[in-house]
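To start, the structure under review is shown below, and the notes come after it.
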Amino acid sequence: RNVELLADGVVIQNDVAFPFELSAVALENAANNGTITLQVRATDTGGNSALSNPLTVEIIADTFAPTLVGTNPGDEERILRNFRIMQVSFSESMDTATLIPGNLTLKDPGGNTIDPIDIQLRADDRIVQFTYSQLIPGRHAFSIDSSEVKDRAGNAIGGANLVRHFTVLEATTKWVSQSSGFWNDPSNWLNDQIPGPSDIVLIDVPGNITVTHRIGETTIAGLISTETLVLSGGSTWNIPGPFQLDKDRKSTRLNSSHHQ
């Protein structure tokens, strides 16, 4: 029915759903005393309880600085125009009072600060998520004040401020497979949807892949790609809007035709 975590005989957490996962923050007075005794009490649906053997652990002060694990989107990533959510992941649970827009700041291409419309904490305060109104196209900068963002023990990240850039494109959908494949395979695309006439398509993944268009004529609103594209078997693209290929992608082969 439920599982409780006890510290020095006091219930500090109660989980009522399987799988039972319990965690707690060591209190400052426990660190001063040097030890804490932990137990788990399980209660079944009939109301029968059992208590685990006590486990005494030594508490030491946390003097290690947290680190930035990553951001989503990542540094220099190109993203779709409907982007609204920025996630920042840290190596340990953070002091939530320091995870504020004043310490984690997003600026638009013109250098203007963008305030989030919502902030959520996840994974026991190791992840902070900011939701924004729809962003304008262009290169944005997300900065983290390393002297102010701290873990629960008060340790700051330290060092120079961390800055991550990403670019919002006009694209509405993208290739999500990490390997080469065929244009007409839905599993290669965002939400398993092959791009349609109203879509501006982004094809930009790590490494070098080849996207092959092999069947019939496809109409899309635009195409932005850094990958090798192959038109084969008499197939065609009809692209009335933007058509942008990486200038260094020398191996792109349009063996049939595309129309703008």
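Using a distance-only test at 3.5 Å, with no hydrogens or angles considered, no donor-acceptor pair links the side chain of N191 to the main chain of Q193. Using modelled atom types, one side-chain atom of Q13 and one backbone atom of S23 make a donor-acceptor pair closer than 3.5 Å. At distances below 3.5 Å, not a single donor-acceptor pair connects side-chain atoms of T98 with backbone N or O atoms of V149. Using modelled atom types, no side-chain atom of N103 and backbone atom of D145 make a donor-acceptor pair closer than 3.5 Å. Side-chain atoms of T172 come within 3.5 Å of backbone atoms of I200 as a donor-acceptor pair (strictly under, hydrogens ignored). Between the N155 side chain and the D62 main chain, a donor and an acceptor come within less than 3.5 Å of each other. Of the possible polar contacts, one joining the Q178 side chain to the V176 backbone as a donor-acceptor pair under 3.5 Å is found.
The shortest non-hydrogen separation linking L135 to Y132 is CD2-CB, 4.0 Å. The minimum heavy-atom distance between R214 and S235, with the atom names listed, is C-CB, 3.8 Å. Residue R81 comes nearest to V168 through the heavy atom pair CA-CG1, 3.8 Å, listed as atom of the first residue, atom of the second, then distance. The two residues S146 and A160 make their nearest non-hydrogen contact at OG-O, 2.8 Å. Residues R126 and S93 come closest through the heavy atom pair CG-N, 3.5 Å. Residues P109 and P137 share a closest heavy-atom pair of CG-O, 3.7 Å.
Of the inter-residue distances, the one linking N112 atom CG with I136 atom CD1 reads 7.5 Å to the nearest 0.5 angstrom. From E58, atom CD reaches atom OG1 of T35 across 8.5 Å, with rounding to the nearest 0.5 Å. Here the straight-line distance linking atom CD1 of I220 with atom CD1 of I194 works out to 12.0 Å at 0.5 Å rounding. Within the model, atoms CG of L202 and CD of E170 stand 12.0 Å from one another, a figure rounded to the nearest 0.5 Å. To the nearest 0.5 Å, the span separating OG1 on T105 from CD1 on I144 amounts to 9.5 Å. Note that CG of N188 and OG of S179 are 7.0 Å apart. Values are rounded to the nearest 0.5 Å.
Two residues are said to be in side-chain contact when any heavy atoms from C-beta on lie closer than 4.5 Å; L231 and T236 fail this criterion. Using a 4.5 Å heavy-atom threshold, the side chains of H140 and T167 count as separate. Contact of the L80 side chain with the L190 side chain is registered, since non-hydrogen atoms from C-beta on lie closer than 4.5 Å. Contact of the S232 side chain with the T212 side chain is registered, since non-hydrogen atoms from C-beta on lie closer than 4.5 Å. The shortest side-chain heavy-atom distance between L68 and R164 falls under the 4.5 Å cut-off. Between T71 and Q87 there is no side-chain heavy-atom pair separated by less than 4.5 Å. Two residues are said to be in side-chain contact when any heavy atoms from C-beta on lie closer than 4.5 Å; L169 and I79 fail this criterion.
Linking Ile, Leu, Val, Met, Phe, Trp and Tyr whenever their side-chain heavy atoms come within less than 4.5 Å puts F18 and L5 in one cluster. The cluster map of Ile, Leu, Val, Met, Phe, Trp and Tyr, joined by side-chain heavy atoms under 4.5 Å apart, puts I119 and I114 in the same cluster. Cluster annotation: L162 is connected to L106 through the hydrophobic network of ILVMFWY side chains, with a link wherever side-chain heavy atoms come within less than 4.5 Å. Taking hydrophobic clusters as Ile, Leu, Val, Met, Phe, Trp and Tyr residues chained together by side-chain heavy-atom distances below 4.5 Å, V201 does not share a cluster with F182. Under the 4.5 Å side-chain heavy-atom criterion for grouping Ile, Leu, Val, Met, Phe, Trp and Tyr, I209 is connected to L229 within one hydrophobic cluster.
The 12-atom threshold is not exceeded at CZ of F64, counting heavy atoms of other residues, nucleotides or ligands nearer than 6.0 Å.
Between H213 and W237, the two ring planes are tilted [angle within 30° to 60°].
Stacking of R78 on the aromatic ring of F166 is not recorded, the 6.0 Å distance cut-off and the 45° axial limit not both being met.
Side-chain N/O atoms of R122 and Q120 include a donor and acceptor closer than 3.5 Å. No hydrogens or angles considered: nothing links the side chains of R84 and Q134 as a donor-acceptor pair under 3.5 Å. One side chain, D204 or T226, offers a donor N or O that lies under 3.5 Å from an acceptor on the other. Counting only N and O atoms by type, the side chains of T37 and T56 include a donor and acceptor under 3.5 Å apart.
The pair E76-R139 meets the salt-bridge criterion, since a charged nitrogen lies less than 4.0 angstrom from a carboxylate oxygen. Look at R152 and D125 and you find a salt bridge, because one of the NZ, NE, NH1 or NH2 atoms lies within 4.0 Å of a carboxylate O, short of that distance.
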Please walk me through it: do V205 and W175 pass side chain to side chain contact (heavy atoms under 4.5 Å, CB included)? CA-CA 8 Å; V205 298; W175 182 273; 4.1 Å; yes
Go through V57 and I36 one step at a time and tell me if the side chain to side chain contact (heavy atoms under 4.5 Å, CB included) criterion holds. CA-CA 6 Å; V57 296; I36 189 170; 3.3 Å; yes
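The residue from T43, N2, D44 that alone fulfils the side chain to side chain donor-acceptor pair (under 3.5 Å) condition with S49 is T43. Exactly one of L104, V163, D75 qualifies for a side chain to side chain contact (heavy atoms under 4.5 Å, CB included) with F142. That residue is L104. Shown are N14, L51, I12, D15; of these, the side chain to side chain contact (heavy atoms under 4.5 Å, CB included) with E4 is made only by N14.
A centroid separation of less than 6.0 Å is found between the aromatic rings of W189 and W183.
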